[in-house]
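To find a chain, count down the sequence lines: A is the first, B the second, and so on, and within it residues start at 1.
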Amino acid sequence: MFKHIAKYSILLTVSAGVVMPLAAVQGNAASTPEKITFWHSMTGETQKSIERVVNDFNKSQSEYKVVPEFQGQYVEALPKFLSVGGTKKAPVLFQSNEISTKQLATSGMIEPMETITKKYKYDTSDIRENILDYYRVDGKLYSMPFNSSAPVLYYNKDAFKAAGIDELPKSPTFEQVTDAAKQLKEKTGKAKLSILPYGWNFEELLANQNQELVNNGNGRKKTATKSTFNNEAGKNILNWIKTNADAKTLVDYGTGANAADNELSGFTSKQVDMFMNSSASLGDIKKNAKFNVGVTYMPHPKNKTANGVAIGGASIWLSKGKTNKQQKGAAEFLKFATSPNEQAQWSIDTGYFAINKKSYDTKLLKDAFKKTPILAAPVDQLKDTKKNSASAGALITAMPNERVNTQNAMENVINGKNVDKELAKAAKKTDADIKSANEQTGE
Amino acid sequence: MQKKQNVLAFVLLLPSIVVLGMFVFYPMLKTFWLSTQLTNLMGEPVKSVGFKNFTNLMHSESFITSITVTMIFVIATTILTVICAYFLAILASRKMRGMGFFRTIFSSTMGISVTVASILWLFMFNPQIGLFSKVLTSLHLPDINWLSDPMWALVAIIGTTVWMNIGFAFLILLGAVQAIPTDLYQVADLNDASKWLRLRKITLPGTEPTLFFVMVVTLINAFQTFGQVDILTAGGPDYHTNLLVYSIYQDAFVNHTIGRASAESVVLTVIIMIVTFIQFYLNKRKAARYAG
């Protein structure tokens, strides 16, 4: 409860600060611009960046005014949207994370993005195809990618050097990571690797082995009915975790709401030297790590080639039932937000990808890559990713449940339980969750 | 006359009937109804499924774990809180110089919000830089994964909650201990009564009603625990700290299964109802004993 009060009061102060100067401007203008409400879930530095994008757009023209409203984390914002969706209170634009794609697409509260890209000649051909693919449902673009990221492996180059270990290759194997972790343990006497028990890590490590998470083309050909990770690929992941847990080279940050933040600050304060996280953490790491940071692709088992990873992050959705003018305003704003320069600046500020291909030709981004070469690794990984249903990412409603199930399997293996049994349990539970979610949505 | 009085009574009751009806009874009845429905992602009922939500719960391993750990948690927290707070209250009730300082310290956890306290403890439980891991290492004891080992995570949550609850329980119990007339102790002194005897024959009986009250409040608080779980473990590892209220939140707002969440709420209501009846029964029996 207190947590929420604190959040709302921050929200109030922030929105008062944002709205007041805008209101003053509005009073002077001859005609009032059309308001485009925009719900987002960006916090900290990223919130400042998204507000900069919005302000730049508002200044660039006078017909529309985008009003950004922070609505809590993705998990909190989604139920809020679902409870007002389809009514007048619904925002025109709504930012939501990748795993809610199926839920929103089938909710009946969404106007597919393709409607306005067609109507207002919004050319999306410059936007990266494999990112757009994630947000296509039945071949139709449902939402506009905005802040896209992918997981990478971060490591402390200085610690490797001090321990006399070779730097990791661009695309390391599980075995190489384990090897480095063992050597670090030998030299420092401490566990230095973290594999966070988090469903997203499991999904991405699975995709990297070209293994789908669920059947029917990862739920993209038609509605998925069963999980497909109880096999060698799934075992590879859990066995990798087990090997490191047994060798005591693994730091376990647990599954709490702050586990990922703890892991991140553990890395920047040199407590762990290797971990996997979203490329969107690059901004933070760049700022806080006082050592040489190495960034590689996600690891893969030695006997398999790296397939590449699925896109994470969030996209922007358009509410159903908005006026033509609002739709046009939304299209104009999104055109602006996904333009080469805006995406380049956004990417430098936050560590998310620039989703516009032309961003990489801008002087802005070229200079940034020269100055900080580690920015390039996530982008290269995306370019090297093979285009198939595994790397397209799974499309199911029961995604939150699946994440908890695989997360539990990971955690239990760290705590010494049997790999085969835990994997089978997670798969069985996910099957049941998929089934009941399909019942819920009538599929 | 009688009829007029009835009308007046009804008019006077009306405001509370309306308020309670809108904010308590209507949501409660709706929860009962929703617990028999299959709901879509927006929480709207799609079709009636009878008691299927309940039978699903009974067959769900995670829910059984939830219930079990909730029971362990509630009982452990209540007992530990009351014992610790009572011990501190007796200590702090002595008249000594500087006692005011200790009273302030002991009751200070009351003024700390759940979030702040949880984050403090989160630092202490940190596997590498946390206080507990440093202490264990310096004592050459094996490391404990406080928040990621199923058993220790529950211990950690119980410890945190007891610490948070102590302030309130201490303050109330201190008042009760101090309210016992001092001449009783003087008589005991004259008779050379041992400390244990004084505790058993004077302090405990004198504070019994307050003790009962503190127990009830702590118990209900324990059932409603949410913040600590969210911040420290988010219900993990493997549901071993997934207390009922947290489980309801997860199912309703993360998994979007309002039907299942409503069924869980009904189960929680029934459990609390049973516990309340037991408490009332014990209290009544005790009252009867005193009267007799």
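- Looking at A:Gln271, its side chain never comes within 3.5 Å of a backbone N or O of B:Pro127 through a donor-acceptor pair.
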Go through the steps for A:Thr397 and B:His256 under the test side-chain contact (heavy atoms from CB on, under 4.5 Å), then give the verdict.
-> CA-CA 10 Å; A:Thr397 316; B:His256 307 289; over 6 Å; no

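- When heavy atoms are compared at a cutoff of 4.5 Å, B:Asn40 approaches chain A by way of both its backbone and its side chain.
- Proximity to chain A is limited to the backbone of B:Leu232, based on heavy atoms less than 4.5 angstrom apart.
- If you measure heavy-atom distances from A:Ala191 to chain B, the contacts under 4.5 Å come from the backbone alone.
- Looking at B:Thr257, the atoms closer than 4.5 Å to chain A (heavy atoms on both sides) sit in the backbone and in the side chain alike.
- To the nearest 0.5 Å, the span separating CG on B:Leu38 from OG on A:Ser436 amounts to 8.5 Å.
- Every residue two or more places apart in sequence or in another chain that forms a side-chain hydrogen bond (donor to acceptor under 3.5 Å, both in side chains) with B:Ser247 is listed here: B:Glu264.
- Residue contact with chain B, scored on non-hydrogen atoms closer than 4.5 Å, is absent for A:Asp433.
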Would you please test A:Gln440 and B:Val46 for side-chain contact (heavy atoms from CB on, under 4.5 Å) and show each step?
-> CA-CA 8 Å; A:Gln440 271 191 303; B:Val46 181; over 6 Å; no

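- No more than 12 heavy atoms of other residues, nucleotides or ligands lie within 6.0 Å of CZ in B:Phe253, so this atom counts as exposed by the packing criterion.
- Salt bridge annotation for A:Glu439-B:Lys52: present, with a cationic side-chain nitrogen under 4.0 angstrom from a carboxylate oxygen.
- For the pair B:Tyr239/A:Asn408, a side-chain contact is recorded, criterion being any heavy-atom separation below 4.5 Å from C-beta on.
- Only the side chain of A:Asn262 has a heavy atom closer than 4.5 Å to any heavy atom of chain B.
- Only the side chain of A:Val404 has a heavy atom closer than 4.5 Å to any heavy atom of chain B.
- Both the backbone and the side chain of B:Val254 come within less than 4.5 Å of a heavy atom in chain A.
- With a 4.5 angstrom heavy-atom cutoff, A:Val251 touches chain B only via side-chain atoms.
- Looking only at heavy-atom pairs under 4.5 Å with chain B, the residue among A:Leu82, A:Asp252, A:Thr441, A:Val272 that has the most is A:Asp252.
- Between chain A and the options B:Gly259, B:Gly227, B:Gly235, B:Pro150, the largest number of non-hydrogen pairs under 4.5 Å is found for B:Pro150.
- Taking chain B as the reference chain and counting heavy-atom pairs below 4.5 Å, the highest number among A:Gly254, A:Pro79, A:Ala259, A:Ser269 is found for A:Pro79.
- Heavy atoms closer than 4.5 Å to chain B are found nowhere in A:Ser83, neither backbone nor side chain.
- B:Ser148 contributes no side-chain N or O that, together with a main-chain N or O of A:Tyr253, makes up a donor-acceptor pair within less than 3.5 Å.
- Looking only at side-chain heavy atoms (C-beta outward), B:Asp238 and A:Gln407 stay at 4.5 Å or farther from each other.
- For the pair B:Glu61/A:Lys425, a side-chain contact is recorded, criterion being any heavy-atom separation below 4.5 Å from C-beta on.
- Chosen from B:Asp149, B:Val229, B:Thr241, the residue pairing most often with chain A at heavy-atom distances under 4.5 Å is B:Asp149.
- Taken from CZ in A:Arg403 to CG in B:Asn255, the straight-line distance is 12.5 Å, to the nearest 0.5 Å.
- Contact annotation for residues 409-422 of chain A against chain B (heavy-atom separation below 4.5 Å, listed by residue number): A:Glu411, A:Asn412, A:Asn415.
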